[in-house]
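The structure appears below as structure tokens.
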Amino acid sequence: MALTVQANSLKIADIAEITEGISFVQFTSTIDEHAYARSSDIYCTLVIQGAINMDSEKKILGDESKKMLEWSLVASNHADCYKAVEVSYTHNDVTTKYKFSHAFPVSYKEENADQEKKFTLVVRQKKDRLADIVVE
């Protein structure tokens, strides 16, 4: 029997590639709670939490968190507000991969403590690109 290694990762096109430290991933698909029938107004959201250890390779990892923060500030009228986001998360030897082709940041939060930077990134897929979401 093969040993499964915890392989949590986050990739954001042109911004970040974090291969360890992802501690929580949540996928949500919702419609307006006041809808009386199945609505075409669907929102797909990913919440990603993790920590970046600042002990080793401080500059490189710090740059990635800085780029995530800067991405969260990009105005909606810029094409750069949409990025491909891929999250891989392993729990109980089962790996799930979420791919959003046109994700935009809903919120970004950082907490600095000792030798690590904790973050929470909330992204949502662009409404007219919901069919492009891949879950493996």
Supply the atom-to-atom distance K11 NZ to I18 CD1, rounded to the nearest 0.5 angstrom. 12.0 Å
Are V85 and Y43 co-members of a hydrophobic cluster defined by side-chain heavy atoms under 4.5 Å apart? no
State plainly whether one hydrophobic cluster holds both V25 and F27, where clusters connect Ile, Leu, Val, Met, Phe, Trp and Tyr through side-chain heavy atoms under 4.5 angstrom apart. yes
Treat each ILVMFWY residue as a node, draw an edge where side-chain heavy atoms are under 4.5 Å apart, and state whether V47 and M68 are in one component. no
Contacts of K127 meeting side-chain hydrogen bond (donor to acceptor under 3.5 Å, both in side chains) (sequence neighbours excluded), chain-then-number -> D41
L46, I12: one ILVMFWY side-chain cluster at the under-4.5 Å cut-off? yes
What residues, two or more places apart in sequence or in another chain, satisfy side-chain contact (heavy atoms from CB on, under 4.5 Å) together with L69? L73, Y108, E110
Mind checking what makes side-chain hydrogen bond (donor to acceptor under 3.5 Å, both in side chains) contact with T45, not counting sequence neighbours? R124
Restricting to non-hydrogen atoms, name the atom on D14 and the atom on K67 that form the minimum distance, rounded to 0.1 Å. O-CD, 4.4 Å
When rounded to the nearest 0.5 angstrom, what distance separates CG in N8 from CD1 in I48? 11.5 Å
Which heavy atom in K83 sits nearest to a heavy atom in A13, and how many Å separate them? CD-O, 3.4 Å
Not counting sequence neighbours, which residues clear side-chain contact (heavy atoms from CB on, under 4.5 Å) with A79? List them please. none
According to salt bridge (charged side-chain N to carboxylate O under 4.0 Å, His left out), who are the partners of K126, at least two apart in sequence or on a separate chain? D128
For residues 18-27, which residue pairs pass the salt bridge (charged side-chain N to carboxylate O under 4.0 Å, His left out) check, not counting sequence neighbours? none
I15 side, atom CD1; D80 side, atom CG - distance, nearest 0.5 Å: 8.0 Å
Of all heavy-atom pairs linking C44 and L130, the shortest is SG-CD2, 3.9 Å
OG/S9 to CD/E86 distance, rounded to the nearest 0.5 angstrom? 6.5 Å
Minimal heavy-atom distance between A75 and C81, with the atoms involved, is O-CB, 3.7 Å
Hey, could you give me the CD1/OH distance between I22 and Y89, rounded to the nearest 0.5 Å? 9.5 Å
Residues in ring pair (Phe, Tyr, Trp, His ring centres under 6.0 Å) contact with F24, at least two apart in sequence or another chain: none
Output side-chain donor-acceptor pairs under 3.5 Å for residues 96-107, partner residues at least two apart or in another chain, one line each.
from, atom 1, to, atom 2, distance (Å)
S101, OG, Q125, NE2, 3.1

